[in-house]
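Comments concern the structure below.
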Amino acid sequence: MIIALSVKNKAEFIDGCLPEPPSSQIVNHSSWMQNNQLVITWILNSVSKEISTRIMFTDSAQKIWDDLKDRYQQSNGPQIFQIRREIVNLNQNQDSVGVYVTKLKSLSEELENFRPRCSCGKCECEGVNKIEEYFQSE
């Protein structure tokens, strides 16, 4: 979903980089509202009907995205441990360097998916606390 939004230059609507302009700026506000509604529609069409009924009346794509992250993005300690163990135990053996590096990069990217992110882009939100907790658990 993030890739699709990035390609269409709409990722700013879910990561908080593009806040809603004041309603006094009619042109900017109108354009922002139209694009925000477009992103909301894409999100609603990407989730199941059960999930969409819970979020369909939210007026901000960022609020929907944050709600979905809070509900469904879970840190999985055993899975993180398993990935780290695979990285530590990874050997080149008879593989070519390219195959070995690809395996290592794949595991590193999978581990990266569990790392919390700052949602405001300025590190002023509660995401900083989650990042600190993550590195403490490291």
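Quantities reported herein were computed from a predicted structural model and do not represent experimental measurements.
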Same apolar cluster (I L V M F W Y, side chains within < 4.5 Å links), Ile87/Val99: no
From Thr41, Val39, Ile40, residue fulfilling side chain to side chain contact (heavy atoms under 4.5 Å, CB included) relative to Ile43: Val39
Nearest non-hydrogen partners of Pro22 and His29, listed with the distance: O-CB, 3.7 Å
Minimum-distance pair of heavy atoms, taken over all atoms of Lys49 and Ser52: O-OG, 3.0 Å
Hydrophobic cluster identity match, Phe13 and Val7, side-chain contacts under 4.5 Å: no
Single-linkage hydrophobic cluster, 4.5 Å side-chain cutoff, Ile83 and Phe81 together: no
Shared hydrophobic cluster for Ile3 and Val47 (ILVMFWY, side-chain gaps under 4.5 Å): no
Close side-chain approach of Ile2 to Asp15, heavy-atom, < 4.5 Å: no
Reported CD-to-CG distance for the pair Gln37 and Leu44, which is rounded to 0.5 angstrom: 9.5 Å
For the student: nearest non-hydrogen atoms of Tyr100 and Asp95, plus distance: N-CB, 4.4 Å
Exam field: side chain Ser30 to backbone Val27, donor-acceptor pair closer than 3.5 Å: no
Least distance between heavy atoms, Arg84 atom then Leu111 atom: CG-CD2, 4.0 Å
Stepwise side-chain contact (heavy atoms from CB on, under 4.5 Å) check, Ile55 with Leu68: CA-CA 9 Å; Ile55 60 175; Leu68 291 172; 4.2 Å; yes
Between CD on residue Gln62 and SG on residue Cys17, distance to nearest 0.5 Å: 8.5 Å
Straight-line distance of Lys103 NZ to Ser108 OG, nearest 0.5 Å: 14.0 Å
Criterion side-chain contact (heavy atoms from CB on, under 4.5 Å) on Lys8 and Trp42, from CA distance to verdict: CA-CA 11 Å; Lys8 297 183 184 269; Trp42 289 339; 3.2 Å; yes
Pairwise distance CH2(Trp65) to CG(Leu5) - rounded to 0.5 angstrom: 6.5 Å
Separation between CG of Leu90 and CG of Leu107, rounded to the nearest 0.5 Å: 6.5 Å
Student check: side-chain heavy atoms of Leu18 and Asn36 closer than 4.5 Å: no
Single-linkage hydrophobic cluster Val88~Val101, side-chain heavy atoms < 4.5 angstrom: no
Distance (rounded to the nearest 0.5 Å) between Ile64 CD1 and Ile51 CD1: 12.0 Å
